[in-house]
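Take a look at the structure set out below.
We name chains A, B, ... by the order of the sequence lines, and we start the count at 1 in each one.
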2 protein chains.
Amino acid sequence: MPLGRVEQRREGVREEIKQAARRLMAEHGTAGLSLRAIAREINMQPSGLYHYYGSLDELITALIVEAFNALADALEAARETAAGQSSAAQLIAVLQAYRRWAMTHPTDFQLIYGNPIPGYAAPREITVPPVIRGFSVIVGLIENLLQSGALEAVPPYDHMPPEIEARLQELIERDGYPVSARALFLGAVGWTQLHGIIMLEMFNHLQPVVGDADVFYRAQVINLLKTMGLKTAV
Amino acid sequence: MPLGRVEQRREGVREEIKQAARRLMAEHGTAGLSLRAIAREINMQPSGLYHYYGSLDELITALIVEAFNALADALEAARETAAGQSSAAQLIAVLQAYRRWAMTHPTDFQLIYGNPIPGYAAPREITVPPVIRGFSVIVGLIENLLQSGALEAVPPYDHMPPEIEARLQELIERDGYPVSARALFLGAVGWTQLHGIIMLEMFNHLQPVVGDADVFYRAQVINLLKTMGLKTAV
DNA sequence: CTATAATGTGAACAGTGTTCAAATTATAGA
DNA sequence: TCTATAATTTGAACACTGTTCACATTATAG
């Protein structure tokens, strides 16, 4: 059903608020996210915002959901751009896009994966679905590689802990993911490995050690696929 | 040179302030770190604290340095406890201790590796040394494994990017680390991999996927060592 | 044209970090 | 022990923060 005039206008103001919030964050970091600053930005009294968001936390949650989806969009776009190439090349492109998005949208990434706002904890039931969406892009490509035989079972990733496998099977059945437990497992392994690099790079802990974080990341993406059993030279 | 009475007393108050800060953080998270709350806790006017720390940021920096050293202590303690066992067993114990410390000291860990305080960015020249200290424990054990031949060169970790190797060599010569570039590289690889798991677990992003994060972490520690070329069954 | 709902205002409250002059306390020297 | 000096502590003030509330304004629908 289409939105009426009032809902449309309301949605427009909500959008204006979010855009002002993103502008402030981009300029002053996640610290710049202040309800009063947003109100100033759009020439409104702070109290007026409460007609659109019940609290600052609610606004932050909205920003987080949008950021998650933007990240998922970036991953999907990377896959599409490399659509003509092999699944392995697509996966590499997607994993590169993951880091690239994080580095070009540091405040959004911190909003998502850090705990940048004091006293705020994102509600899981809201954040988990968009997490899964981005994760699915990676897992889907891994599933392709498994089915095409490009990714063969080699130690140590030819096995996974029984508890984890049971859990993943449960997840697949409950939410109807069109992938195998093995693909999910390898996805989780890759996701956590690369996430660590990005997190450490973002807060400047990695550079003092390895110097060029970009080179390190690229190398680890390749090493990751090799250890998982990717045969074709990349 | 021993501290005079006045310096001793001064240091005592500084310690009292830090302890109050830690107490508040443990109770209310990193958000609870408020200068005024600390002042209330120790029955002092907020302005009085400025005689001991130039600002809240300075206090936070002191807490971060202590946390880094506490983490390094925990890693060293884990190595000592496993001193009788093989270097591989010691390394596993240390890597387990890394996660254990993070989970038992979540606020300290977030203080270190997150960006939990709005507008605050830890000065690198102060934070890097204690980072290196903890890192050295891991790298030292890897060096032992390399020298004893327990860790043999297998693909893909028998090579590292030339840029990274050059940088690590430079680091070794400048700071006089008694380890090889290869040990440093493998250390960085392991560190980033496991750090990602811990970060995602800490903010509850991993559990919805793999369920039991403890089992996942243990498995990944083993897989890490295996992919790096550890021969002995663990 | 009017009743009603939505929207925006402005003041207030309790909290935050920080600065500053003044008052207090403790130390060191004669 | 008394005093001059330094260290410490106080309390008020300033500019912020999120949030609530009664009130005024505006727009919508009947």
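- Salt bridge present: D214(B) and R99(B) bring a charged side-chain N and a carboxylate O closer than 4.0 Å.
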Hey, what are the protein-to-nucleotides 8-12 of chain C N/O distances that come in under 3.5 Å?
| unit_1 | atom_1 | unit_2 | atom_2 | d |
| --- | --- | --- | --- | --- |
| dG8(C) | OP1 | R9(A) | NH2 | 3.4 |
| dG8(C) | OP2 | Y52(A) | OH | 2.4 |
| dG8(C) | N7 | H51(A) | NE2 | 3.1 |
| dT9(C) | OP2 | Q45(A) | N | 3.2 |
| dG10(C) | OP2 | Q45(A) | NE2 | 3.2 |
| dG10(C) | O6 | S47(A) | OG | 2.5 |

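- Regarding Y50(B), its OH atom lies at a distance of 8 Å from the C1' atom of dT19(C), rounded to whole Å.
- Relative ring orientation between H195(A) and Y98(A) is described as tilted, the plane-to-plane angle lying within the 30° to 60° band.
- Spacing between atom CZ of R40(B) and atom P of dG15(C) amounts to 7 Å, rounded to whole angstrom units.
- What separates CG of L59(A) from C1' of dT19(D) is a distance of 14 Å, to the nearest Å.
- With V137(A) as reference, V94(A) is the one residue of V94(A), D73(A), L95(A) to meet the side-chain contact (heavy atoms from CB on, under 4.5 Å) rule.
- Regarding contacts with the backbone of dG18(D), a side-chain N or O of S34(A) is found under 4.0 angstrom from either OP1 or OP2.
- Relative ring orientation between F216(B) and F185(A) is described as perpendicular, the plane-to-plane angle rising above 60° on a 0-90° scale split at 30° and 60°.
- Protein atom CZ of R10(B) is 14 Å distant from nucleotide atom C1' of dA26(C), rounded to whole Å.
- Judged by a 6.0 Å distance limit and a 45° cone about the ring axis, R14(B) is positioned over the six-membered ring of Y53(B).
- The side chain of A37(B) has dT16(C) as its nearest neighbour among dT17(D), dG17(C), dT16(C).
- Taking the six-membered ring for Trp and thresholds of 30 and 60 degrees, F203(B) and H205(B) have ring planes inclined between 30 and 60 degrees apart.
- Taking atom CD of E58(A) as the reference point, atom P of dT20(D) lies 11 Å away to the nearest angstrom.
- Between L33(A) atom CG and dT17(D) atom P there is a gap of 12 Å when expressed in whole angstrom units.
- Heavy-atom contacts from other residues, nucleotides or ligands closer than 6.0 Å to CZ of R133(B) number more than 12.
- Overall bending of the helix from dC1(C)-dG30(D) to dA30(C)-dT1(D), expressed as the angle between end axes built from five pairs apiece, is 0° (10° steps).
- For the pair D57(A) CG and dT17(D) P, the interatomic distance rounds to 16 Å; values are reported in whole Å.
- Straight-line distance from the CD1 atom of I38(A) to the P atom of dT19(D): 11 Å, rounded to whole Å.
- Evaluated for a salt bridge (charged side-chain N to carboxylate O under 4.0 Å, His left out) with E15(B), the options R10(B), R22(B), R9(B) yield exactly one hit, R22(B).
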side-chain hydrogen bond (donor to acceptor under 3.5 Å, both in side chains) between E66(A) and N69(A), worked out: CA-CA 5 Å; E66(A) 285 205 349; N69(A) 283 311; over 6 Å; no

